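Input: a single structure, listed below in C-alpha cells.
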Amino acid sequence: MKVLIVVATAGEAARLADLPARVVVSGVGPVAAALAAQRALLREPFDLAVSAGIGGAYPGSGLGPGDLAVSDVIVQADLGAQDGEQFLDLTALGLSVQPDAPHAGVFPAWPGAAALAARLGAACGQALTLGTVTGTAERALALAQRYPGALTEGMEGAGVAHAALLAGIPALEVRGVSNPVGPRDRSAWRLPQALAATRRGLEGLLAGAGSPAPHLP
Ligand SMILES: O=C(O)c1cccc(C(=O)CC[C@H]2O[C@@H](n3cnc4c(=O)[nH]cnc43)[C@H](O)[C@@H]2O)c1
C-alpha cells in the first residue's frame, strides 16, 4: 500500500523521515493541508492519504497526552453557520450535496482504521478539524456534545480528506495526543509523547496493521 502522510510542521516530519512513505509538510490549517495533499496526489498515485500529527483530546474521550487515536470519521467541524448559540452544519443549511464536494464536511475514513486501532491499542473515533484551536472549556464541551464520541481536535484532517476524496482514495487521521482541548496551557503539553504516539500509529499502519488479511488460497 502506497501511503501519503501529510503533517503540519517540519518538527512532526523530522520524526517520520525514515518511514516507508511519502511525507509532506503542509503548514498549519485545513487549506494548507488540502493544497499540499492535492499537489502530492496529482504528482503520483497513492493508495491512502493520512493526516498525521499532534492533536488535542476532547473532554470525555478518555484520552490524555501520549495516547494515540485514529479516525473512523473526519469532520470539518467549523464548516457551517452560527445561528445565535446554535451551529448549523451544511446538511442543516441544505447544502450537504454539492456536485463537486459530496461530503458535507464529513469524511468516512479508511475502512482499516478500526482494525489498525485494535492491533495498536489505540482509540478509534471521530477526528474533528477546526481552523481555530479551541481555547475554552465551554467550547470544548460544546464540541464534545455536538459530536458524541469525538476523540481529537486538529487543524488539517478535513483538508487532507477532501483532497483524497477528489483523488478517489481513502483518507485516515492519526493523532498523538499533545494536550487536552480547552484553555490555553502550554505547560500541559506533552510534545515528545505525542510525537512518539503519532510515529507508533504510522509504523503500525505501514507494517500492515489494519489492512485486510490477504485472502489465502
Ligand atoms: O499556543 C497554544 O496554546 C496552542 C494550543 C493548542 C494548539 C496550538 C497549535 O498551535 C496547534 C497547531 C498544530 O497542532 C495541532 N494541534 C495540537 N493540539 C491541538 C488542539 O488542541 N486543537 C487543534 N489543533 C491542535 C494542529 O493540528 C496544528 O497542526 C497552540
Side-chain angles (χ1 to χ4, degrees), residues 4-17 23-40 49-71 73-80 87 105 107 109 122-123 125-147 149-164 171-202:
L4 170 66
I5 299 173
V6 182
V7 297
T9 65
E12 291 162 309
R15 292 292 300 265
L16 309 172
V23 180
V24 299
V25 178
S26 65
V28 171
V31 174
L35 291 172
Q38 185 167 70
R39 181 175 55 190
V50 181
S51 175
I54 63 175
Y58 280 105
S61 66
L63 299 178
D67 287 335
L68 174 62
V70 298
S71 62
V73 179
I74 299 169
V75 182
Q76 193 168 1
D78 56 2
L79 184 61
F87 178 79
F107 304 89
Q126 294 180 87
L128 305 191
T129 299
L130 291 108
T132 302
V133 173
T134 296
T136 65
E138 292 75 18
R139 178 144 176 78
L141 187 59
L143 284 163
Q145 290 171 338
R146 188 195 313 162
Y147 300 100
L151 296 178
T152 59
E153 181 177 288
M155 300 174 76
E156 293 82 25
V160 173
H162 197 155
L172 180 72
E173 188 160 353
V174 175
R175 293 264 167 211
V177 175
S178 49
N179 58 284
V181 174
R184 192 166 188 269
D185 176 10
R186 294 305 292 258
S187 67
W189 281 46
R190 297 291 178 271
L191 275 184
Q193 294 91 326
L195 293 168
T198 304
R199 180 181 172 94
R200 184 169 73 86
L202 294 170

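Both ligands and their constituent atoms are indexed starting at 1 by order of listing. Predicted, not measured: the structure shown is a model, and the values here were computed from it.
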Could you tell me whether ligand 1 has any atom less than 4.0 Å away from a heavy atom of Ile54?
-> yes
Check for a donor-acceptor pair, side chain of Ser51 on one end and backbone N or O of Glu173 on the other, with a separation under 3.5 Å.
-> no
If you round to the nearest 0.5 Å, how far is CG of Leu68 from OG1 of Thr152?
-> 10.0 Å
Evaluating non-hydrogen atoms only, which member of Met155, Glu173, Arg186 is closest to atom 26 (C) of ligand 1?
-> Met155
Shortest protein contact, atom 23 (C) of ligand 1 (heavy atom only) | Glu153 OE2, 3.4 Å
Under 3.5 Å: donor-acceptor pair, side chain of Asp78, backbone of Gly131 | yes
Under a 4.0 Å heavy-atom limit, does Arg175 contact ligand 1 with its side chain, its backbone, both, or neither?
-> side chain
For Asn179, the atoms of ligand 1 under 4.0 Å from one of its heavy atoms are 17 (C), 18 (N), 19 (C), 20 (C), 21 (O)
Taking atom CZ of Arg139 as the centre, does the number of heavy atoms from other residues, nucleotides or ligands within less than 6.0 Å exceed 12?
-> no
Thr136 side chain vs Pro183 backbone, donor-acceptor pair below 3.5 Å | no
Using a strict 4.0 Å cut-off to heavy atoms of Ala8, name the atoms of ligand 1 that fall inside it.
-> 29 (O)
Among all protein heavy atoms, pick out the one at the shortest distance from atom 29 (O) of ligand 1; state its residue, atom name and that distance to 0.1 Å.
-> Glu156 OE2, 2.8 Å
Using distance alone, decide if ligand 1 has a nitrogen or oxygen within less than 3.5 Å of any nitrogen or oxygen in Thr134.
-> no
Check whether any side-chain heavy atom of Val181 lies under 4.5 Å from a side-chain heavy atom of Leu128, and answer yes or no.
-> no
Looking at ligand 1, does Ser178 have a heavy atom less than 4.0 Å from it?
-> yes
Identity and separation of the nearest protein heavy atom to atom 3 (O) of ligand 1 = Arg184 CG, 2.5 Å
Give the residue, atom name and distance (to 0.1 Å) of the protein heavy atom nearest atom 7 (C) of ligand 1.
-> Trp189 CZ2, 3.1 Å
Show which atoms of ligand 1 fall inside a sub-4.0 Å distance from at least one heavy-atom site of Gly154.
-> 23 (C), 24 (N), 27 (O)
Output yes when a side-chain donor or acceptor of Arg175 lies under 3.5 Å from a complementary backbone atom of Ile54, and no otherwise.
-> yes
Would you say the side-chain atoms of Thr198 pair up with the backbone N or O of Gly176, donor to acceptor, closer than 3.5 Å?
-> yes
Would you please determine whether Glu12 falls within less than 4.0 Å of ligand 1 on a heavy-atom basis?
-> no
If hydrogens are left out, which of Ser51, Gly56, Gly29 has an atom nearest to atom 20 (C) of ligand 1, that is, the closest non-hydrogen atom?
-> Gly56
Evaluate the side-chain hydrogen bond (donor to acceptor under 3.5 Å, both in side chains) criterion for residues Glu153 and Thr134: first the C-alpha distance (whole Å), next the side-chain angles of each, then the deciding distance (0.1 Å), finally the verdict.
-> CA-CA 8 Å; Glu153 181 177 288; Thr134 296; 2.6 Å; yes
